[in-house]
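One structure is given here, and the rest of the page talks about it.
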Number of protein chains: 2
Amino acid sequence: MSIQTRKERERAERERLIITAARELAESEGWDAVTTRRLAAEIEYSQPVLYSHFKGKDAIMAAVAVQGCAEMAAELRTARTAAKGARAALAAVGEAYTSFGRRRPALYDAMFTHAVDLPFATEEAPAPLKEAFGELLAAVAPIAAEGDDTGLLTETYWAGLHGLVTLMRSGRLPEGAHEQRLALLIGHFTATS
Amino acid sequence: MSIQTRKERERAERERLIITAARELAESEGWDAVTTRRLAAEIEYSQPVLYSHFKGKDAIMAAVAVQGCAEMAAELRTARTAAKGARAALAAVGEAYTSFGRRRPALYDAMFTHAVDLPFATEEAPAPLKEAFGELLAAVAPIAAEGDDTGLLTETYWAGLHGLVTLMRSGRLPEGAHEQRLALLIGHFTATS
DNA sequence: TCTTGTCCCTAGCAGTGCTAGCGAGGAGTC
DNA sequence: GACTCCTCGCTAGCACTGCTAGGGACAAGA
């Protein structure tokens, strides 16, 4: 019994190790550098071990993405609760969101551009995903107009932020004017339509 | 002299063939199916021939992207000029943009999500890119408020549309409510802040 | 002590993008 | 028309990818 639990504990520990290694490698050298061989070397096990923990590379990325969502949720919450007033909160969350996307591109990609086999807009989405969206929702809800569907409004705001981050990060929008674009987006969302 | 021009003509023809094959393959089976081997077989030449025309696979994708931009520009123009009034034009362009992204996912990805070395926000961007952006600009400019930077406003609107398309296409936003989200986005952009 | 079973590693598969170097055949020269 | 040269596309192969089959060591239980 005790041996069994020790083994399970060690196994869980190793799984955490894999996720951490994948994440650090991705953050320092990009996802292209995260190969199964490299990852295996990093955790000091052979490649097949990875597949005893995860279905494949995508599943590892998904696990990293979930971690990333938890962190983003925390950052969004901090920004939101520190702000005074509904408009300020919306702006702070927008700022925090885009800042996260720029500071942690690898994490952001895993969360919102790459991995796909995570259930997103459904009931059985992982808790951290719902948390992060919940933070956005909590910031958007107060500025919603009468009769607005706050869920849809949040999704739309999210899309705006996501578009800014991805287009900028891929070099399609110049970085310099980011603050102004963000201000425009927020301004139009706090205006009553 | 004549021989030379014939050769150049044939070469240009073959280059067009490559781009077309890449595009059709991508549109029917996705970019993952577009391998250099597959592409070479499609044009009935060997792989190295591809590299005498393009620097690499990315360059082929970039060429497809430029084609896609030209088509999108045309569709946006049609939508914009057919609409009566500034608000209607903005809505029509937004509709046309997202519709394009959903109807031609492979083309859209080449243009706006895949990392390409195309110069985007600079003077020497390929003409079709500037055309497509120009169409957005022409739709946004009439609804800009006093003192707004229409360029930045257009970029922000573009980001909103892009976010909607990508998040929806990757399964992160449910498809069903797309029209409502689009309406929300447009509504907030046509409102004076 | 011997058997059983778990777990991990070595080796390999079928692909990928890309490139070196050869050989055929057309172009230019006498 | 014959000869040289040189262009051009091919075959073959490199270094890499994600992933998997199979054996072999080591620990657990009888």
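To find a chain, count down the sequence lines: A is the first, B the second, and so on, and within it residues start at 1. Below, all heavy atoms of this structure are taken into account, side chains as well, without hydrogens, waters or symmetry copies.
- Atom pair Ile43(A):CD1 and dC9(C):C1' shows a separation of 13 Å (rounding to whole Å applied).
- For the pair Glu44(A) CD and dC7(C) P, the interatomic distance rounds to 21 Å; values are reported in whole Å.
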>> side-chain hydrogen bond (donor to acceptor under 3.5 Å, both in side chains), that's the test. Do Ser170(A) and Arg172(A) meet it? Break it down for me.
In response: CA-CA 6 Å; Ser170(A) 68; Arg172(A) 287 168 173 95; 2.8 Å; yes

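- Counting non-hydrogen atoms under 4.0 angstrom, Arg14(B) reaches the backbone sugars and phosphates but no base.
- In this structure, Phe100(A) has its ring center no closer than 6.0 Å to that of Phe112(A).
- Between Arg37(A) and dG18(D) there is no side-chain N or O to OP1 or OP2 distance below 4.0 Å.
- Remark: Arg77(B) CZ is loosely packed, at most 12 non-hydrogen atoms of other residues, nucleotides or ligands lying under 6.0 Å away.
- Between the P atom of dT6(C) and the CD atom of Glu10(A) lies a distance of 17 Å, rounded to the nearest Å.
- For dT16(C), the OP1/OP2 oxygens have a side-chain nitrogen or oxygen of Thr35(B) closer than 4.0 Å.
- The nucleotide whose nearest atom lies closest to any side-chain atom of Pro48(A) is, among dT19(C), dG17(C), dT10(C), dT10(C).
- What separates CG of Leu25(A) from P of dT17(D) is a distance of 11 Å, to the nearest Å.
- Distance CD (Glu15(A)) to P (dC8(C)): 13 Å, rounded to an integer number of Å.
- Within the 4.0 Å cut-off from OP1 or OP2 of dC18(C), at least one side-chain nitrogen or oxygen of Tyr51(B) is found.
- Atom C1' of nucleotide dC7(C) and atom CG of Leu50(A) are separated by 15 Å, given to the nearest angstrom.
- A residue-by-residue look at Arg38(A) and Lys55(A) shows that Arg38(A) has its nearest nucleotide of DNA chain D further toward the 5' end.
- Contact annotation: Thr36(A) reaches the phosphate of dG18(D) (side-chain N/O to OP1 or OP2, under 4.0 Å).
- You'll find that the side chain of Gln47(A) is closest to dG12(C), out of dG12(C), dC10(D), dG17(C).
- The shortest side-chain heavy-atom distance between Arg16(B) and Glu13(B) falls under the 4.5 Å cut-off.
- When heavy atoms are screened at a 4.0 angstrom cut-off, Ser46(B) is found touching base atoms of the nucleic acid.
- A straight line from OH of Tyr45(A) to C1' of dC19(D) spans 20 Å, rounded to a whole angstrom.
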> Tyr108(A) and His162(A): ring pair (Phe, Tyr, Trp, His ring centres under 6.0 Å), yes or no, with the steps?
Replying inline: CA-CA 10 Å; Tyr108(A) 189 89; His162(A) 178 68; 5.7 Å; yes

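- Nearest to the side-chain atoms of Val49(A) among the listed nucleotides dC10(D), dC8(C), dG17(C) stands dC8(C).
- At whole-Å resolution of the value, NE2 in His53(A) and C1' in dG18(D) are 18 Å apart.
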